[in-house]
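For reference, the structure discussed in these notes is given below.
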Number of protein chains: 2
Amino acid sequence: MVLFRTNILKCNECPIRHRAVCANCNDIELNLLENIKTYKSYSAGERILWRGEELIFVASVVNGVVSLSKTLEDGRKQMVGLLLPSDFIGRPGRKEIEFDVTATTDVTLCCFKRKPFEKLVKETPAIAQRLMELALDELDAARDWMLLLGRKTALEKIATFMEMFMRRSNSQNPLKSHQNIHLPLRREEVADYLGLTLETVSRQLNYLKKMEIIDFVDRRNFQVLNISALQNATGDDSDGGVIN
Amino acid sequence: MVLFRTNILKCNECPIRHRAVCANCNDIELNLLENIKTYKSYSAGERILWRGEELIFVASVVNGVVSLSKTLEDGRKQMVGLLLPSDFIGRPGRKEIEFDVTATTDVTLCCFKRKPFEKLVKETPAIAQRLMELALDELDAARDWMLLLGRKTALEKIATFMEMFMRRSNSQNPLKSHQNIHLPLRREEVADYLGLTLETVSRQLNYLKKMEIIDFVDRRNFQVLNISALQNATGDDSDGGVIN
DNA sequence: CGCTTCCTTGAGTAAATTCAAGACTTGTGG
DNA sequence: CCACAAGTCTTGAATTTACTCAAGGAAGCG
């Protein structure tokens, strides 16, 4: 399952140092984490954990994209989480997870054995608090996702998805058009994210292209040509939910 | 907005004492909560909080049902949370909420002013830990809900919903048929929960009746006549997700 | 009783799916 | 370097599912 062990970075040099579960830690607390961490790498498509499997480790995503998904008995699949670098896998007090965890791209994880980590959480409020923040952020995201799955049209789903990737992919200049956006998912994975079929995803993406709202560089790389048209197509309130 | 102030119960006599945010508290901690709590009541249909509104209090649901919902600009609505007695409204570190909070039935809340409550949370690990558990339970529920919204058929959605209410409504004898199940939602609210129209909800409920899987006592009260047929109709794994 | 709200049912429609075929990409071995 | 295979994506046609629109019936409330 584990392909190779990546060279382990010093926490201080870690790209996710200030966003991951360790974000609020001081140098002493960081050392405690450093002592129990190991890196594991997975190649694209590899299964990291199966639903129901006992969690022997918890982990932060260092790089790559990880998907969480659930499947019905006849194989219909729904993605229920998309983890980017600094996101966390595993929760305090949970011995197992009730979804599959898959490496969508090549992935490196910063892993902690569950039991020593949970001991550390109990003794370290900075970690406990950060875990809480991460869980609440996921809950917020899950609720927006539920609105999308339950009530948006295929076009609105695609537009929402592209708009989200636009914002996430370049957090420095979030609203500049014609920037390259890398899409780390195949059409089928986008479909599983949005509750659509891959054919519908393809059709709607090509519709947005025909409308000159987006353009393809290649299958996995896009540009947004018309940001406000894209945002209008999401179906969300034009103010993005901000009041006043 | 607030209709009347219910007589305030002693925490020790409170029906949600052992499931709510105070579940892990000892008598001393309970006293601290008791000193800052007030009760508020709302009648069915009343709005408790608007999206974006500043949270001046957080609360436990003492009795009644509270719904959390999001709305698109053209009015399409999706329920994103259904809170029953002992569930909690408001999260540590969150000044506002990004959904509407509505009393679905007559409701009594046990309210705490946000700032004193957050101070108490910081000083009381038992409360902080219980809040974490409640948030993680909600996250698990949200992920099952996403699978339902994204991938289940109308019939599977309805069956899943009824099966959930069956389990929740009588936790003593969870799997006995012909028990009365009270449904605290109107057809339109069920539709908003499931991402359907109210007509489709009505049709599928009557289909389950025609199949003699459920029976109506009246509009709001049902019996499950055939539990295994209902569970088969949910589309979920027959083992309920438990792996050895 | 009469009004309002809620629910049911039917007919026609629209949206997304399914099925099918073919084109483009990428990687591999000759 | 090319040929071929596997994987991925696009596009079209037919179908299905759930929605919309419409009407009427039942229940709850003053």
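- The distance from atom CZ of A:F216 to atom P of D:dT8 is 17 Å, rounded to the nearest whole Å.
- A straight line from NZ of A:K209 to P of D:dC9 spans 14 Å, rounded to a whole angstrom.
- Computed from coordinates, the B:L183 CG to C:dC6 P distance equals 14 Å when rounded to whole Å.
- Here the side chain of A:T153 is nearest to one of C:dA16, C:dT8, D:dC9, namely C:dA16.
- The existence of a salt bridge linking B:R94 and B:E54 is excluded, since no basic side-chain nitrogen approaches an acidic carboxylate oxygen closer than 4.0 Å.
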Could you go over nucleotides 24-27 of chain C and give all protein N or O partners under 3.5 Å, atom names and distances?
residue: C:dC24; atom: O2; partner: A:R219; partner atom: NH2; Å: 3.0

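- For the pair A:R186 and D:dG7, the criterion of a side-chain N or O lying under 4.0 Å from OP1 or OP2 is not met.
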### Message
Does B:D100 form a salt bridge (charged side-chain N to carboxylate O under 4.0 Å, His left out) with B:K70? I'd like the steps, not just the answer.
### Response
CA-CA 6 Å; B:D100 296 323; B:K70 287 179 168 263; over 6 Å; no
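- For A:Q204 and D:dG12, the CD to P distance is 14 Å, given to the nearest whole Å.
- Remark: A:R47 qualifies as a cation-pi partner of A:W50 under the 6.0 Å distance and 45° angle criteria applied to the six-membered ring.
- Regarding B:L205, its CG atom lies at a distance of 16 Å from the C1' atom of D:dA26, rounded to whole Å.
- We find that A:D218 and A:R220 are not joined by a salt bridge, their nearest charged nitrogen and carboxylate oxygen being 4.0 Å or further apart.
- If you take CG of B:D74 and P of D:dT20, they are 10 Å apart, rounded to a whole angstrom.
- Atom NZ of B:K152 is separated from atom P of D:dA18 by 13 Å (rounded to the nearest Å).
- A heavy-atom distance below 4.0 Å to DNA chain D is reached by these residues of residues 194-203 of chain B, ordered by number: B:G195, B:L196, B:T197, B:E199, B:T200, B:R203.
- Helix bend of the helix from C:dC1-D:dG30 to C:dG30-D:dC1: the angle between its two end axes, each built from five pairs, comes to 40° after rounding to 10°.
- A:K40 and A:T108 share no side-chain donor-acceptor pair at under 3.5 Å.
- The number of heavy-atom neighbours closer than 6.0 Å to OH of A:Y207, taken from other residues, nucleotides and ligands shown, is 12 or below.
- A salt bridge between B:E189 and B:K77 is absent, with no side-chain N of the basic residue lying under 4.0 Å from a carboxylate O of the acidic one.
- For the 3.5 Å distance criterion, the side chains of B:S202 and B:R187 fail to qualify, holding no donor opposite an acceptor.
- For the pair A:E163 and A:R167, the salt-bridge criterion is met [side-chain N within less than 4.0 Å of a carboxylate O].
- Rounded to whole angstrom, the span from the NZ atom of A:K157 across to the C1' atom of C:dT17 amounts to 12 Å.
- A salt bridge does not link B:D87 with B:R19: every distance from a Lys NZ or Arg NE/NH1/NH2 to an Asp or Glu carboxylate oxygen is 4.0 Å or more.
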### Task
May I have the step-by-step check of salt bridge (charged side-chain N to carboxylate O under 4.0 Å, His left out) for A:E138 and A:R143, ending in yes or no?
CA-CA 9 Å; A:E138 273 195 85; A:R143 287 182 165 136; over 6 Å; no
